[in-house]
Amino acid sequence: MDYDVEAIRSHFPILERILPNGKQLVYFDNAATTQKPLVVIDAMSDFYKNYHANAHRANHTLADESTAALEGARDKISLFFGASESSMIYTGGATEAMNLIAYGWARYNLEEGDVVVTTEMEHHANIVPWQELSKDIGIELRFVPFDNEARKLDYGALEVAAKGASLVCAGHVSNVLGVRNDVERIIKIAHSNGARVALDSAQGAPHEKINFDGLGADFCAIAGHKMAGPTGIGCLLVKADALAEMGPFLTGGSIITSVTTEGTQFLDGYSMFETGTPRMAEAIGWRAAVEWLEENINFHDAHEHIHNIASWMSNEMEKIPGITIFGAPGRDDGVGVVSFLHESILAQDMGYLLDAGGFAIRTGTHCAQPLLEAMGVASTNRASIWIYNTMEEAEAFIVHLRDIVNRFA
Ligand code: PMP
C-alpha cells in the first residue's frame, strides 16, 4: 500500500498552524522534538480530567487507576521496544537516561583508571556525564574520532579504543548528521572486549523499530518526545544482569523499603530508580503515542518516505551555489536529516530567513560541539524530516531557500 502521508498528517492538529506572518507552518525540526498526534493530547487530558491521582501510594480508586495506567504503560512501551526480558526505567528523557547509566551503573562498578569509550559524534548527553564522572572517580575517557572524509565513525579506531574498556557508549543515529552508526558492529566490538555497551537511541527510536533484547546492548536511552510522545518522559532499557549491578542515582521517597535515621533500604529492580511522584500523565501520553505508531506507521515504509525526501532535498541543495551539505542524507545510513551551511549566510540568519517563509529548522551546534569541531564548522542548519512531512513541503523549502540565497548571499 502507498504511504498515505495525508492520512498521517490528519492526526497532528499543529500541522495546520498558520504562523503570525501568515505563512503555513512547515515543521522540519523533528530531530529536536516531534509533534504529537491528537490521541496523545487526548490521553493526557483524559487522565487529568478523570483519574488523576498520585500512583503507588494511596488505596483509593483514583490512585489504583493511576497506578494501573502508569504500570500498564510500562508494559506496553517496553514490549514495543522488544524489551520483554529486560527492564525499562522511566526517565525524564534521553539525557536523564544517560546520566542514570553514569551514576547508577558506572559509579558503582568502575574505579580510577577504568576506561569508558565514547565518540566525537555524540550529543553532549553522552559526553558530559562521563567527563563529570571522570572528575568524581578518575575513569579514563576515550573518544573515538569521527571520520570527516568518510562521514562516519572511525570503526578501526573504535576497535583500538575498546581494548581494555569497561563500557562503550555510542549514539545510534547522529542528531547533527542523521548518520546511523553500525550499532550491531559497535555492540560486537564492545562485547568481544568484555565491555558493556550503552546506546543513545534518542534519534534511532523515531526511525526504526528497536528490538532491545535482540540487539543485545546492555543499556539503551530513549526520548519519548522525539517519537510522538509528550515531553518529560523517556526511558532507560537495561539488560537484567546489568540492572543487578546498578545502585540508586536520584534518591528520596518511592524507591525504598525502609528508612530509619540510621539508613535506608532500597527496592529492587527498576523501582530503585523512580523516586518522587511518577511521570504519570507523560507515561500515559507516551503509551498512546506508541499505540498510535503501531496502528498507523510501518517503520520500513516510513523510513523510505523520509529517506526519499531528505535525499531529494540534499541533492537540490547541492545545486544551490555556496551551500555545503554535511552528513550523507542520500546514503543508506542517512536517516532523515539534512545538515547544511551557506558560505556567506550565518546559520542563525538562515534560521530567521527560513522562518519568514514558515519553515522551522534548527540552527547552531545541536548540543554536539566536539562533532562540529571535527567537521571544522562553528554551526550548521539542520532540516530534519519525519513521518508527516511531504515532498511538497520539501519542494517549497527548496524554492524558498533558492530565493534566500539569491537575495542575501
Ligand atoms: N541524545 C541525542 C542523540 C539527542 O538528539 C538528544 C536530544 N537532542 C538527546 C540525547 C537528549 O534527549 P532529551 O532531550 O530527551 O534529554
Side-chain angles (χ1 to χ4, degrees), residues 27-36 40 77 81 88-103 118-132 143-144 146 152-153 168-181 183 186 197-208 210 217 219-237 249-250 279 282-283 285-286 289-290 306 326-327 333-339 360-372 374-375 379-386:
Y27 189 76
F28 281 165
D29 196 14
N30 294 289
T33 192
T34 63
Q35 300 301 346
K36 324 302 174 196
V40 170
I77 296 164
F81 291 129
M88 185 190 120
I89 304 167
Y90 283 126
T91 63
T95 303
E96 194 182 311
M98 293 310 299
N99 274 271
L100 182 52
I101 306 170
Y103 293 98
T118 185
T119 90
E120 282 182 350
M121 287 176 77
E122 302 309 309
H123 187 279
H124 296 162
N126 193 17
I127 294 176
V128 184
W130 305 115
Q131 290 174 332
E132 289 302 298
F143 282 90
V144 177
F146 172 66
K152 60 182 179 183
L153 191 66
V168 173
C169 305
H172 192 147
V173 170
S174 160
N175 63 312
V176 180
L177 302 175
V179 170
R180 183 195 191 272
N181 282 330
V183 290
I186 293 170
V197 58
L199 297 181
D200 172 358
S201 292
Q203 300 290 346
H207 290 275
E208 66 186 83
I210 289 186
F219 305 97
C220 183
I222 295 174
H225 71 94
K226 292 187 197 284
M227 47 181 300
T231 52
I233 189 91
C235 73
L236 181 65
L237 303 173
F249 165 35
L250 296 172
R279 299 172 165 93
E282 292 78 9
W286 196 12
V290 153
I306 292 165
F326 303 95
D333 58 351
V335 182
V337 170
V338 188
S339 223
I361 62 150
R362 168 89 189 264
T363 60
T365 61
H366 315 289
C367 298
Q369 291 180 8
L371 175 56
L372 267 72
M375 287 159 43
S379 54
T380 76
N381 303 290
R382 179 187 69 188
S384 49
I385 315 302
W386 206 43

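The first residue in the sequence is number 1, and the count goes up from there. Atoms within each ligand, like the ligands themselves, are counted from 1 in listed order.
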Heavy-atom pair with the smallest gap, counting every atom of Pro206 and Ala202: CD-O, 3.3 Å
Which residue and heavy atom of the protein sit nearest atom 7 (C) of ligand 1, plus the separation: Lys226 NZ, 2.6 Å
For Gln203, the ligand 1 atoms whose distance to one of its heavy atoms is below 4.0 Å: 3 (C), 4 (C), 5 (O)
Spacing of CG belonging to Leu236 relative to CE belonging to Met88, to within rounding of 0.5 Å: 10.0 Å
Proximal ligand 1 atoms for Gly93, defined as those under 4.0 Å from one of its heavy atoms: 15 (O)
Closest heavy-atom pair and its distance - Ile361, Asn381: CD1-CB, 3.7 Å
Spacing of OG1 belonging to Thr231 relative to NZ belonging to Lys226, to within rounding of 0.5 Å: 11.5 Å
4.5 Å side-chain heavy-atom contact, Glu122 and Leu371: no
Polar contact flag for Glu96 and ligand 1 (N/O pairs, less than 3.5 Å): no
For Asn175, atoms of ligand 1 separated by under 4.0 Å from a heavy atom: 5 (O)
Selection from Met98, Met121, His123, Glu122 by shortest heavy-atom distance to atom 9 (C) of ligand 1: His123
Heavy atom of the protein closest to atom 12 (O) of ligand 1 (residue, atom name, distance): Ala94 CB, 3.3 Å
Which of the ligand 1 atoms, numbered from 1, are nearer than 4.0 Å to a heavy atom of Ala223: 15 (O)
Closest approach of Asn175 to His366 (non-hydrogen atoms, all atoms of both residues): ND2-O, 2.8 Å
Considering all heavy atoms, the nearest His207-Val335 contact: CG-CG1, 3.2 Å
Asp200 contact mode with ligand 1 (heavy-atom cut-off under 4.0 Å): side chain
Residue part near ligand 1, for His225, under 4.0 Å between non-hydrogen atoms: side chain
Residue, atom name and distance, where the atom is the protein heavy atom closest to atom 11 (C) of ligand 1: Thr95 OG1, 3.3 Å
Contact partition for Ala202 relative to ligand 1, non-hydrogen atoms under 4.0 Å: side chain
Under 3.5 Å donor-acceptor, Thr95 side chain and Ala125 backbone: no
Non-hydrogen side-chain atoms of Trp286 and Ile77 separated by less than 4.5 Å: yes
contact_flag His172 ligand 1 heavy-atom lt 4.0 Å: no
